Colleague: 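Sharing a structure below in structure tokens format, with a few things to ask.
All values reported here derive from a predicted model rather than from experimental measurement. We're numbering straight along the sequence, starting at 1. For the numbers below, each heavy atom of this structure counts, side chains included, while hydrogens, waters and symmetry mates do not.
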Amino acid sequence: MSALRKPELISLEEYLQGEANSKLRHEFFGGQVFAMAGASERHAQICFALAALLLPMLQAQGCRGFIADMKLRADDAIYYPDVMVVCDKSDIDPLIKSAPCLLIEVLSESTARIDRTEKLQAYQKIATLRNYLLIEQSTRRVELFRRNGLTWRHESFVDDADIKLDCPAGEISMAQIYEGLTFSESVEVQ
């Protein structure tokens, strides 16, 4: 009978030190380090469209936007959200943000469960967060978790709906998010 080994846990400081010297990106949760896979073309197109849609709002409202390579500290975890908006002027660390108002994850088969559970729970603890968007790649569907006082409300959008954001204040269109993408039963995404 073989004994199962527990994964070796590291501290947040050890993770940050290792990540600073790493050529690959890793997320950190529960003392464990998880390598991040590369994104598909569809994933990249959706993130690029989101950045383009958000940019005028960010500029008008004095906010900053980040795509994929900026770390986010959520409790004792470190993530790399696909899209992050920070409007809090005191969030000045050049390597790790901690006060976003909008977080967006583009879902894939390998990340959807974590984005809907672990990350949702961690993100909802961030006091400045107003909206958390989950964007499907294989179908035209967006889920929005919106802070409503001390609680969160879940909204689901399909087809060509418009999505109202609280921060940055404005609206984005599903037609624009998915512009140029086609959908069929056989779409496979990573």
Side-chain angles (χ1 to χ4, degrees), residues 23-30 32-58 65-72 74 77-86 97 100-126 129-148 152-168 170-190:
K23 292 181 181 178
L24 302 174
R25 293 181 305 145
H26 303 85
E27 292 186 327
F28 176 81
F29 178 77
Q32 295 182 38
V33 176
F34 301 91
M36 300 205 37
S40 69
E41 180 178 334
R42 292 176 76 82
H43 185 281
Q45 283 182 279
I46 291 169
C47 288
F48 190 81
L50 288 162
L53 292 169
L54 292 169
L55 185 59
M57 288 183 261
L58 301 181
F66 305 94
I67 297 180
D69 288 330
M70 178 58 71
K71 289 185 272 310
L72 167 69
I78 302 290
Y79 298 108
Y80 286 91
D82 290 322
V83 178
M84 175 172 31
V85 172
V86 175
K97 299 301 172 196
C101 65
L102 171 65
L103 294 172
I104 303 174
E105 297 288 0
V106 177
L107 303 175
S108 68
E109 284 185 34
S110 63
T111 66
R113 184 186 61 76
I114 291 169
D115 292 336
R116 285 193 171 104
T117 57
E118 172 190 310
K119 287 185 180 181
L120 174 62
Q121 291 173 2
Y123 291 172
Q124 287 178 331
K125 293 177 184 175
I126 300 171
L129 187 65
R130 309 297 309 146
N131 300 132
Y132 176 42
L133 280 173
L134 297 172
I135 313 285
E136 295 277 353
Q137 309 184 47
S138 58
T139 186
R140 294 170 74 97
R141 182 166 187 261
V142 174
E143 293 177 79
L144 168 62
F145 292 88
R146 182 186 309 275
R147 187 182 298 274
N148 185 16
W152 288 84
R153 187 175 71 221
H154 177 261
E155 301 171 33
S156 188
F157 302 89
V158 293
D159 299 321
D160 289 330
D162 291 329
I163 303 163
K164 182 180 181 220
L165 300 174
D166 301 314
C167 183
E171 209 170 78
I172 59 175
S173 159
M174 285 183 58
Q176 292 172 305
I177 293 170
Y178 292 112
E179 188 172 345
L181 298 177
T182 57
F183 297 91
S184 69
E185 296 295 321
S186 62
V187 173
E188 292 183 27
V189 293
Q190 296 295 323

Colleague: Do Glu118 and Glu27 come within less than 4.5 Å of each other through their side chains, counting heavy atoms only?
Modeller: no
Colleague: For Cys167 and Arg130, work out which heavy atoms get closest and say how close.
Modeller: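 Heavy-atom minimum between the residues: CB-CG, 3.7 Å.
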Colleague: Work out which heavy atom in Leu50 is nearest to a heavy atom in Val106; give both atom names and the distance.
Modeller: CD1-CG2, 4.4 Å
Colleague: Give, for atom CD1 of Ile46 and atom CG of Leu181, the distance between the pair rounded to the nearest 0.5 Å.
Modeller: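 Answer rounded to 0.5 Å: 5.5 Å.
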Colleague: Can you see which heavy atom on Glu155 is nearest to which on Arg153, and at what distance?
Modeller: OE2-NH2, 2.8 Å
Colleague: Without swapping roles, check the side chain of Asn131 against the backbone of Asp166 for a donor-acceptor pair under 3.5 Å.
Modeller: yes
Colleague: CZ of Phe48: more than 12 outside heavy atoms within 6.0 angstrom?
Modeller: no
Colleague: Is any side-chain heavy atom of Ile163 closer than 4.5 Å to one of Met174?
Modeller: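 Side-chain contact under 4.5 Å: yes.
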Colleague: Would you mind telling me which of Leu144, Ile104, Leu107, Asp115 makes a side-chain contact (heavy atoms from CB on, under 4.5 Å) with Ile135?
Modeller: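 Exactly one pass, corresponding to Ile104.
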Colleague: Testing the basics here: between Arg141 and Tyr178, what is the closest heavy-atom pair and its distance to 0.1 Å?
Modeller: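 Scanning both residues, the minimum pair turns out to be O-OH, 3.0 Å.
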Colleague: Working note: Tyr123 + Phe145, criterion ring pair (Phe, Tyr, Trp, His ring centres under 6.0 Å); need CA distance, chi angles, decisive distance, verdict.
Modeller: CA-CA 10 Å; Tyr123 291 172; Phe145 292 88; over 10 Å; no
Colleague: Would you say CD of Gln32 has more than 12 non-hydrogen atoms from neighbouring residues, nucleotides or ligands within 6.0 angstrom?
Modeller: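 More than 12 within 6.0 Å, yes.
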Colleague: Using the rule given for salt bridge (Lys or Arg N to Asp or Glu O under 4.0 Å), can you reason through Glu136 versus Arg116, listing the C-alpha separation, both sets of side-chain angles and the distance that settles it, and then say yes or no?
Modeller: CA-CA 12 Å; Glu136 295 277 353; Arg116 285 193 171 104; 2.8 Å; yes
Colleague: Contact between Tyr79 and Lys71 at the side-chain level, heavy atoms closer than 4.5 Å - yes or no?
Modeller: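 No, side chains not in contact.
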Colleague: Within the side chain of Arg146, is there an N or O that forms a donor-acceptor pair under 3.5 Å with the backbone of Lys164?
Modeller: yes
Colleague: Side chains of Ser40 and Gln137: donor-acceptor distance under 3.5 Å anywhere?
Modeller: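 Result is yes, a qualifying pair exists.
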Colleague: What's the spacing between His43 NE2 and Thr111 OG1 if we round to 0.5 Å?
Modeller: 6.5 Å
Colleague: Within the structure provided, determine whether Leu72 and Ile126 are in side-chain contact (heavy-atom separation under 4.5 Å).
Modeller: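 Side chain of Leu72 against side chain of Ile126, heavy atoms only: contact under 4.5 Å found.
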Colleague: For Val33 and Phe28, which heavy atoms make the closest approach, and how far apart are they?
Modeller: CG2-CD1, 4.1 Å
Colleague: Just verifying a value: how many Å separate Tyr132 OH and His154 NE2, rounded to the nearest 0.5 Å?
Modeller: 10.5 Å
Colleague: Taking the side chain from Gln176 and the backbone from Ala49, do they hold a donor-acceptor pair closer than 3.5 Å?
Modeller: no
Colleague: Quick one: pull up OG in Ser138 and CD in Glu109 and give me the separation to the nearest 0.5 Å.
Modeller: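 Ser138 atom OG to Glu109 atom CD measures 7.5 Å (nearest 0.5 Å).
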Colleague: Looking only at heavy atoms, which two atoms of Leu58 and Pro168 are closest? And how far apart?
Modeller: CD2-CG, 3.9 Å
